[in-house]
Each structure stands twice: as structure tokens, then as C-alpha cells.
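Report on the structure given below.
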Amino acid sequence: MQLKLGTALAVLVTALLVSGAAGASTRQATAGGTLNVDLATDVDYTDPALSYLSTGWELEYATCLKLMNYPDQNGPKGSQLIPEAAAGFPRVSNNGKTYDFTIDTKFTKFSDGTPVTAASFKAAFDRLADPKMQSPSGAFMSDVVGASRSPVSGIQAKGSHLIINLTHAGPDLLARLAMPFFCAVPANLAHDPNGVNTPPSAGPYYVASRVPNRTILLKRNPYYKGKRPHNAAQISYTIGNSLDATYLRVQQGASDYASGGIPPAAYAEAAQKFGINKGQFWVKPFLSTGYLAFNTSRGIFKDNVALRKAVNQAIDRRALLAQGGYLAGKRTDQILPPGIAGFRDADLYPLKQPNLKAAQKLAQGHTGDGTVVLYESNRGASPLRAQIIQYNLKQIGLNVDTKLFARAVQLEKEGTRGELFDIADEQWGADYADPYDFINVLLDGRTIQATNNNDFSYFNDPTFNKQMTQASLLTGSKRYTAYGNLDVAIMQQAAPWAPRSNANNRMFVSQRFGCFTYSPIYTVDLAAACLK
Amino acid sequence: MLRYFVRRLLWACMLFVAVTLVTFVIFFVIPADPARQVCGQRATPECVARAQHFLGTDRPMLVQYAKFLDRLVVHQSLGRSFTNRQDVTQEVLDAAPVTASLVFGGAVLWLMISIPIGILSAVRSRSLLDRVTMVAVLVGISAHPVWIGLLAAYFMGFRLHLFPITGYCDLFSPTGDCGGPIQWAYHLFLPWATFAVLFAATYVRMIRAYVIETLGEDYVRTARAKGASEARVLRSHVIRNALLPVVTILGMDIGLALGGAFFTETVYGLPGLGKLVVGAIGTFDLPTIEGVVVFATLCIIVFNLIVDTVYAWVDPRIRLT
């Protein structure tokens, strides 16, 4: 028995030595030209009609060809829409309801060699509108004529022209068209409700293979000769590594980018070790706002602007933000995040520390029975924030009864009209870069229905509703000025929220990761990334 | 014998229905609508209603359960995931070999560690070796696999570069850029070691106790009196008898280990059943949760059925109970 055991151990040790050498040689062989990305949880879909997670959109930014897109540049330039497959900006009819795009795609073809035409964009709309597909894009094309059935009657492909007819003017259409939902697809791409794992694409890269929950491989589109960068020969995703392991792997060089992030506790260490925005640890703003929504339809906050303002004065935004870890974001007292067109900085409520005197004065005589119910998620920093809110509101005579839920349950409950909560701790990330996606989507009271609401404050002010509609119909600088004014006016006069912070994206890349480019909408630009 | 087998088979079917039905009921008690997740943060009532119909969640729970059983029994399908619409049968079949590799490889390793150490500790009872081993056993039992895994990954993987920090390579027909028996074993060595520590500690103690007990048996004394060498006494009379109950417990522990593998899978990023089901719970993905529950239940039922049948065949008294 002992002899057999000894032999077994010798075999194991030999196997490990051999495999160690094999492992080392594999690492060397895969170094050149392959950008390795670690992803903790798989993307939902690689099919542009269905993908609706930020990690999926990061991937689609490298593979999609869109009518309009954001340039592969850092800073404000990266947020300015430019034509991509369109030859220029569209011709818009006088009533703002018809958009005529001229398609110029001589610089590319789909990765399977099929030419890209205006019909390829119409095919995307037809696919999205097909009820069989169950695409989540419906809300972003509801103003397109005939969008409820496929083929969409309001989209016409005539030669090199793509004509989009809207039911009413939609000045934010161009921003919406930059969403991956609307990227070109071959006209014969299957309307498969389960999604196509390796759809041909006409952007710089294409999905060459996908094994769900394990790997995704992007390769350069051999037909792409456009202006967008496509540096790495291939981009290889490894799925399922824990955040701790990913942090170590990126430091070791086994992976080049922690797409799913690193452990929250490691951000401070990463900043100290690698510096901030100096090559490996990047901190950039993300178009989102975290806020406390006051339920204005019932309970203590109904018709109680004074108390809503009091809470805005009483909450400790610094402490609330600190729970998200090092460099989690910036404190805010506004609805719109900086970086979105229209935002103008206004000094409305205290950002550094609570103004208790002002808060107590405002709250005096408005605290009702003194109890508020807070709905909060049970994950991450949320329960910690609940404790801070509880302490802060105690200072103005409010006892907070915190109820923790799984995130999906919290959304379900808060979205149901009549649910018995007073404050909901929420966060909203932009679907596309336009103030409509914050102001109208989250605060237009006319959208309130029995269930599935996004207006968690159930704010329904006829004057503001009207102003929101007016702003949404404006174009250019007038539009953004109107939204900027609305942002400030709503918070000053009605305060349906207590905004707390705008989140940062904290990204960790390997030493050999070069050409770092960040898009506030799609995060890291994988097409632009290069290997040092 | 046949009657006993049929009776056990009927119990197995009832157990299967009970487990899957309970999973269904628990899912429906939680007020989270997967249809809303299908439609994303800008969910419209029309989209949610359509998605509910598409997913089948607009029907009564018992109808959904009946459809699930029909799909499973008639079409041998576990359906499609709510969150990524992948084929759950395929997802489970892809994940099962990973968990099996971890559990069975871990079992081999913990036996390789615990058998010699347990025997040596028993033979040299109360020696320095025995005391050091017992302290190590205490540490092994007390330490959580996540902690051990993180330390092993940090020191053996990150600091010393001896093993990969995470990842999995298929034993056969690789799906990624690595595969084959050597890469498979190389990637799994740390997970096996992590997984083995807890069980090895328990088994060392157990084997030590059984060996000490067996060493005091009359037939061991007789063998020694007849002039058998100490090595022969150990090999032929002590170890064989002492390891019999260990084999029985090993069978039960492997079943338990399948359930506990998800800690190790999470730390090392192994795409096994544990990781699959934990991800599915987070997104309220009923078909995937049911898929893993069905698979695990079937494995345990079939395993128990085989064991019970073999026991009944070996020991006729069992049939009466």
C-alpha cells in the first residue's frame, strides 16, 4: 500500500512539474496580440437585439456598426455623437418627424462578407419589433411609426437611404440610435428569441465564438477598413473568475482588464500602488445618479415639500458615498449627472456635511407621526447607507424603519403604485446620453401606472410635466438649457428626491494595456485598446 | 428483492416530485417578476405582459409545474434560462463535469493525504507526529474553504507562480484555449487541495480512531501471536478492516461535497454546478435553479438507490425494514 502511495505521489509531482512548464509556455504563446479580459459574470447576450447589461454594451461597442456613434476618444470629445455608417447627419423634416439618413459603408462589410446597406439597419428595427424576439428595446423605439409589429412600417430602406418616420418629433433620436440595439445586422439574421451567440457584425470586431459562462472570443473583422481603431488581433474573455482572483490575475498579467471590477476593498490599495489615471488604475465618471426618492403620492412626504427639503439638508452625502469604497463617486444634490448635456452646477443643498440647523427648522411641524419606511437593497453598501440615513433622519425627529430586499424584489415593490414605503434608495444609469433619460423617464408623473414604474417618487406635478414635454421637443442648446433649468427648478421647488452621488467607474488594467480610452456610455473602449 | 426495489423506486419518485415542487413554491413566494428583468430598467407594461407570456409566468403555478414535468419527462429538457435564454440542459451538462472533476479529484487527494497520516498517527499514537498531525487536523477543520482558497491562490498562484490563480481546462474536447489531462490537473490542483483540506482533516481523525480500535481486536492479537510481521498485521488485518466504514462514509460525503463545492468553485472561478446555481439564485432564474436541483436530486436519488439495493442484496435483513 505504501509503495503504491509513493508511486502515485511521484507521478503527481512529475505531472505538476511538466504542467507548470506547459502553463508557462502557454502564457508566453498567447501574449502577443490578444487582449485578455476577465468578466466575473457572463454577459446576458451577445446578440445586439437582446443585450442590455453594461458589460454586454462594452463588448457591442467593439463589434457594432451604428448609424451614429461616439468617437473613440477620451474626455468631452468622446461624448459627442458623430455619424458612423451615415454619410453625415440626417436630413430632418420641418415637423421633426422624418429622419433621412444617407448610408455610406464602403469601408466595411459584415464579418461573414455580406455587404452593409440601408436594409441592414432596417433589418435591425424589424428584428427588434418582432414580438417573438422579446427585445427590451421597445421603450427606445416606441415613437417610430408601426414599431409594434415587424416589419416596421415607419422604417424605409430606399437605395442608400434609410428613412425613419416618427409619430411625433423626437430630438433625442440620434442619441438613441447610438444604442447597440440599433446596430446593423444582416437582413437574413434569424429572429431567434434565444438570441444568436455569434452574430455577424460590421464594426471593428466580431464575436468569433462564445461558450456561455466560460469564454467569448472577439476577432478583428477582416472587412473593416473604417476609422475606428482595432488594435488587438483578438479579445479573449474569460468568464467566472472571482473579483479577488481577477485583481491578482491582472496584476500578474494573466489578464489585461478586470471588466467585472475588482473587490471594493482593493480600490484604495490599487490607487496607492498604481496611482490614479496613471496607466493601470483609472477612475472616470459614469452617467448615473444615486438618490433617495420620496414617495410623494402617500404618507409623510405627500404635499410636504418642507420635509423633503429638510431631508436634503440633513443627509450626510459624504458618509453615504464613502460606503461605496474609495473613489466611488462624487457627491451631488442634482438630478442630472455632470457630463450629460444640459447639466449646470447649482449649489442647492449641503454636500460637505449636513446642515442640521436648516434641516431642523424646515422639519419643524412637518414630521407627522415621526416614522418613515425606507426600502433598501440587501446587497453591497446599501444596508450601510440605510444605517446612515437612519441616523441622519433621527436628528430631525424621524424614526426610520428600514426594510431590506433582494434588488429585484425591491424594484418590483417600489415600482408598484400604492406600495407602503416613504423613501426608496435608488440609482439610475443612463441608457443613452440625453437629459430626457433622467428627467422625463424618472419624474414625468403622466407615466405612472399600476406596476413597473420608474418614477419611484410618484412625482406628478402638472406644471413640471408640461415643462418636461416642452423641453423634450426642443433641439440643440435650447433643449439642454431647458433641461438644465428644469433640473435645478425641480430640486429647488419640489425636491422629490434627495440626490446623493454620481458614480465613478473604477477600472483596473494590466501593465501592458495601452491606448486606454473611456466612453462614459460604454465604459472601456476595447477596440481602441492596444498592447504595450 | 424485486418488491424492495420497486418500493425504493416509488419513494425516489415521490422525493423527486417533493423537492422540485418545493423549489417551485419557494420561487413563487418571492415577489420578484422575471419578466421585468427581461424588459430591463425601462420596462413598459406591454413589454412585461408579453415577456410574462413568453416565459410562461402568466399561468398558475401548478400549470407551470405540470409543464415543467412534461418537458422533463417527455422531452428530456430542462427548458431555457430566464436571464440569458440558454438551454438549461446544456448548461447543466457543461457544468456537471467541472463539479465532478473537483469533487472526485478532491476525494482522491484527501484520501491520499488522510490514509497514510491517519494510519501513522494511530500506529505512533501520542508521539510528536501524532500531536502535530492533530493540530493540523484542527486547523483544517476550523478553516473555511474560501479563506484557504484565497490564501492558496495568493501564495501559490500569485506570489510563487506555481499554479494558475483561477480557471478551468477541460479534460477532453477543450472549449477554450487550454485542455487535456495535464492542463486539467494543473488548473485543478489548488482547488483539489483546498477542497481536500477540510475532508482530509476529518478523515485523518476518523481513520486514526478506527485503526486504534482495530489494533485492539482479538484477531490482531492472534495474528501477532502467530508470528506475523507488524507490516503484515497492519496490511492484512488492521487497514482492511479499519477502512471498511471509511468507504461507506466516503460515499455519503461525496454526495454532501457536491453541495458544498460552490465555495471552492467561486474562489477559483470554476464553471461548475455550484457557481451556476448561485448565479441563477441572484437573478431569480427559475429554470436554471430547477435544472441544477433536478440534476443534484437525481444524482443523490440514483446514488442512494444503488447503495440501498446493494445493501439489501448483501444483508437480507434490510429488506424487512
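Below, read A as the first sequence line, B as the second, and so on, with proteins coming before strands; counting in each chain starts at 1. As the structure is a prediction and not an experimental result, all values here were calculated from the model.
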Checklist outcome for this item: Okay, B:Tyr268 and chain A: the region with an atom under 4.5 Å from a heavy atom over there is backbone
Item to check | Portion of B:Phe158 that has a non-hydrogen atom of chain A nearer than 4.5 angstrom | outcome: both
Checklist entry - When you look at A:Asp47 and B:Arg85, which way does the salt bridge (Lys or Arg N to Asp or Glu O under 4.0 Å) test go after all the steps? => result CA-CA 11 Å; A:Asp47 188 322; B:Arg85 300 185 202 166; over 6 Å; no
Item to check | chain B-proximal positions within residues 239-247 of chain A [heavy-atom distance under 4.5 Å] | outcome: A:Gly240, A:Asn241, A:Ser242, A:Asp244, A:Ala245
Checklist outcome for this item: Ranked by heavy-atom pairs below 4.5 Å to chain B, first place among A:Thr447, A:Asn197, A:Thr451 goes to A:Asn197
Checklist outcome for this item: Okay, B:Val278 and chain A: the region with an atom under 4.5 Å from a heavy atom over there is neither
Item to check | Proximity breakdown for B:Glu91 and chain A, heavy-atom pairs closer than 4.5 Å | outcome: side chain
Checklist entry - What residue, out of A:Pro193, A:Ala406, A:Gly138, has the most heavy-atom pairs lying under 4.5 Å from chain B? => result A:Pro193
Checklist entry - Hey, is A:Asp437 close enough to B:Arg42 for a salt bridge, meaning N to O under 4.0 Å? => result yes
Checklist outcome for this item: Minimal heavy-atom distance between B:Thr83 and A:Tyr45, with the atoms involved, is O-OH, 3.2 Å
Next on the checklist: Please classify the contact between B:Gln41 and chain A as side chain, backbone, both or neither, with a heavy-atom cut-off of under 4.5 Å.
Outcome noted: both
Next on the checklist: Is B:Leu276 in contact with chain A via its backbone, its side chain, both, or neither, using a 4.5 Å heavy-atom distance?
Outcome noted: side chain
Next on the checklist: If I measure from the heavy atoms of chain A, does B:Val38 come under 4.5 Å with its side chain, its backbone, both, or neither?
Outcome noted: both
